[in-house]
Amino acid sequence: MSFFDELAYQYIDGEWRAGSGSWDIVDFNPYDGEKLASITVATVDEIDQAYRAAERAQGEWGATNPYTRRLVFERALRIIDDREQELGAAIAAEVGGTHAKVAFELHLVREFLREAIQLSLRAEGRILPSPVDGKENRLYRLPVGVVGVISPFNFPFLLSVKSVAPALALGNAVVLKPHQNTPICGGGLVAKVFEEAGLPAAGLLNVVVTDIAEIGDALIEHPVPKVISFTGSEKVGRHVATVAASHFKRTVLELGGNSALVVLDDADIDYAVDAAVFSRFVHQGQVCMAANRVLVDRAVEQEFTEKFVAKVKTLKVGDPTDPATHIGPLINEGQAEAVTAVVERAVSEGGTALVHGTARGTLVGPTVLAGLPEGSCALTQEVFGPVVSLVPFDGDEEAVRITNDSPYGLSGAVHTGDIERGVRFAKRIETGMIHINDGTVHDEPIVPFGGEKGSGLGRLNGDAMVEAFTTTKWISIQHGRSRFPF
C-alpha cells in the first residue's frame, strides 16, 4: 500500500474509515496528473460523529497535566525529524512544492510544534483585587472545548498543524477539514503524526475529508465547536464569518492578501530585487503574503526594473522534484486558467508584459506587468500565481496612498537605507504585518500573525493562540461575609 493510499480515509473517533458519501474526492499530483488517492467524502452524519467524539474526549484531555500534554508535541517533533524525506516527497507530490518550498514548510512545522510544547504551559490565570472586603477575583484561562479547523491547499501540512497543535496544547479537541485538493498532507498526514506521537484519547483529533457540496455549512453550524479557525480565500472567509456569527461562534480568519513590496529612493536596489523576486514567486506565488505589487520610486525605477526583469527571466519552471526548479505547478488547471486570464485582461486594459510567461497545463511561467491603469484587475485582486505588477510612484506620500489602495491588508515590505524612515512608512500602512528591508513572506511562531480589512480577523501565533483557543472565566471567592441591602 502506498503512502497516499494508507492515509486516504476519514479519521473519526480514533478510527481510520471510509466516508459514506455518494462520491469520491480524487487526489492528483498537480505536475504530472498522476492519481495519488481516492477518498469517499464524509457526510453530515460523519461530521456530527466527529464533533461528538471530540466533545467526549476533550474533558479528560483538558484536565490532563499540561506537562503531560506537551510530551505529545515533543514526540511529534521527533517523528517529523525521523521521516523528513518521506514527508517532503509527499508535499512535493500532492502540492507541487519545490525543494525550497518543502524545506520551508517542514521547517515551520517544526517551529510550531516547538511553540506548542511551550504553549501547553502558557494558559496562565490572574488574581485581581476587589473593592469588596474579604473578596478575591480569580481569572482562569480554560480550553474553549472543541475547535473546528479548515485549512487551505498551498501550505496544507503547516497551516493545519499551525491551528491544530496549539488548540490541542491548550486542552481542546479538534475537528480538521483539509482542502479537497490536499486531503493527505493537510489532513491524513496530520492525524497520522499525532496518532504515532501518542495523542491519548480517541476522538481528540478528527479529520473529515469532504466538500461543501456534500455537507453545506454543517461544519460551521454544528453546536459543538466554539471556535472556527479558517485559512483560505476572502470570499469563503466572509461566508464562514457570517454563518459562525449567527451561531455565536468565535472565528479566527486568515484570508487573502494583495501585499506590496515598496522600494524607496534610497534602497539597496540589488537587495530589493532579490527580496521582491522571492516575495512574488515563492511557491509559484500561491502564498497569501506574496508581493502581488512591487512599488518603485521613479528615481530608481529604471535600474530596478531592468535588474528585476533580468532576474525573473532566470527562473526555471518545471518539475518540482528537480532541485534546480524555482517555479513548479499551480494546484490545478482551473487555477492556471484563472491566472492566465488575469494576465490577458491586464494587457487588454493597457498594461505591458515585460515578461510574459507561457502556460502549459498547470505550469505557468512568471509574468511581469507594467504600465497598468489604476483599478486594473491585476492591481486590485489577489493573484494566486506567478504574476507581479510593477507600479511607479513619486515620493513616500504617493507610495503610502497606493499601498493602502487595496481591500486587503495582510503583509508588506519597504526597502530603504534609513531604518527610521522605513518605520515611519510602515506605521502608516494598513496591514497586520510589514517588514523593513526584507521580503513580504514571513511567519514566526511567537509573533502575532494576521491581517486587516479583507485579510481577516484575529491573530494566531504566540500569546494570540491563548486568546484564540481559550476562554476567560471569572471566579470570585468571598472569604468573609458579604452585606446585602435586603
Check this for me, if you would: do [X] and [Y] make a salt bridge, where the nitrogen-to-carboxylate-oxygen distance has to be below 4.0 angstrom?
X	Y	value
K35	D27	no
R428	E397	yes
R52	D13	no
E55	K226	no

[X] side chain to [Y] side chain, donor-acceptor N/O pair below 3.5 angstrom:
X	Y	value
D211	Q180	yes
E214	T43	no
S476	N137	no
S151	S160	yes

List the atom of [X], the atom of [Y], and the distance in Å for their closest heavy-atom pair.
X	Y	value
A167	V174	CB-CG2, 3.7 Å
Y408	T380	CE1-O, 4.0 Å
A57	G203	CB-C, 3.8 Å
P152	H179	C-CB, 3.7 Å

Flag the pair [X] / [Y] as yes when at least one side-chain heavy-atom distance between them is below 4.5 Å, and no otherwise.
X	Y	value
V95	N154	no
L113	V161	yes
N332	N181	yes
N461	E444	no

Parallel, tilted or perpendicular: which one describes the rings of Y11 and W16, with boundaries at 30° and 60°?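 Answer is tilted, since the angle falls between 30° and 60°.
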Output all residues satisfying ring-ring contact (aromatic ring centres under 6.0 Å, His included) with [X], sequence neighbours left out; order by chain, then residue number.
X	answer
H239	none
F230	none
Y51	H222
F112	none

Applying salt bridge (charged side-chain N to carboxylate O under 4.0 Å, His left out), name anything that partners R17, two or more places apart in sequence or on another chain.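 Once residues adjacent in sequence are excluded, R17 has no partner under the salt bridge (charged side-chain N to carboxylate O under 4.0 Å, His left out) criterion.
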Name all residues meeting the salt bridge (charged side-chain N to carboxylate O under 4.0 Å, His left out) criterion together with E234; count only those two or more places apart in sequence or in a different chain, and write none if there are none.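 Partners of E234 under the salt bridge (charged side-chain N to carboxylate O under 4.0 Å, His left out) test: R238.
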Who passes side chain to side chain donor-acceptor pair (under 3.5 Å) against [X], sequence neighbours left out?
X	result
E105	K101
E74	none
R75	none

Supply the atom-to-atom distance T431 OG1 to L410 CG, rounded to the nearest 0.5 angstrom.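 Going from the OG1 atom of T431 to the CG atom of L410 covers 8.0 Å.
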Take H283 and F104 through the test ring-ring contact (aromatic ring centres under 6.0 Å, His included) and record every step on the way to the result. CA-CA 10 Å; H283 192 39; F104 181 67; over 10 Å; no
Could you list all the salt bridge (charged side-chain N to carboxylate O under 4.0 Å, His left out) pairs where at least one residue sits in residues 160-172, not counting sequence neighbours?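 Pairs touching residues 160-172 that pass the test: K162-D443.
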Contact list for residues 331-345, test salt bridge (charged side-chain N to carboxylate O under 4.0 Å, His left out), sequence neighbours left out: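 Sorted result for residues 331-345: R345-E349.
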Answer yes or no: are there more than 12 heavy-atom neighbours, outside E60 itself, under 6.0 Å from its atom CD?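 For E60, atom CD is not crowded (no more than 12 foreign heavy atoms under 6.0 Å).
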If you count the non-hydrogen atoms of other residues, nucleotides and ligands that lie under 6.0 Å from CD1 in I79, is the total more than 12?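 Counting other residues, nucleotides and ligands, CD1 of I79 exceeds 12 neighbours.
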Run the salt bridge (Lys or Arg N to Asp or Glu O under 4.0 Å) test on R459 and E452 for me, step by step, so that the C-alpha distance in whole Å, both residues' side-chain angles and the decisive distance to 0.1 Å come before the verdict. CA-CA 10 Å; R459 296 291 187 269; E452 301 292 330; 2.8 Å; yes
Run the salt bridge (Lys or Arg N to Asp or Glu O under 4.0 Å) check on R138 and E136 step by step: do they pass? CA-CA 7 Å; R138 299 184 186 181; E136 72 174 81; 2.8 Å; yes
Filter on ring-ring contact (aromatic ring centres under 6.0 Å, His included), then keep only pairs touching residues 438-467, sequence neighbours left out; what's left?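 For residues 438-467, and leaving out neighbouring residues, the ring-ring contact (aromatic ring centres under 6.0 Å, His included) pairs sorted by first residue read H435-H442.
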Show, in sequence, the C-alpha distance, side-chain angles and deciding distance for R250 and E467, and conclude whether the salt bridge (Lys or Arg N to Asp or Glu O under 4.0 Å) test is met. CA-CA 11 Å; R250 285 159 46 188; E467 185 68 30; 5.6 Å; no
Pair R141, E124 - check salt bridge (Lys or Arg N to Asp or Glu O under 4.0 Å), show working. CA-CA 6 Å; R141 276 289 187 179; E124 300 167 349; over 6 Å; no
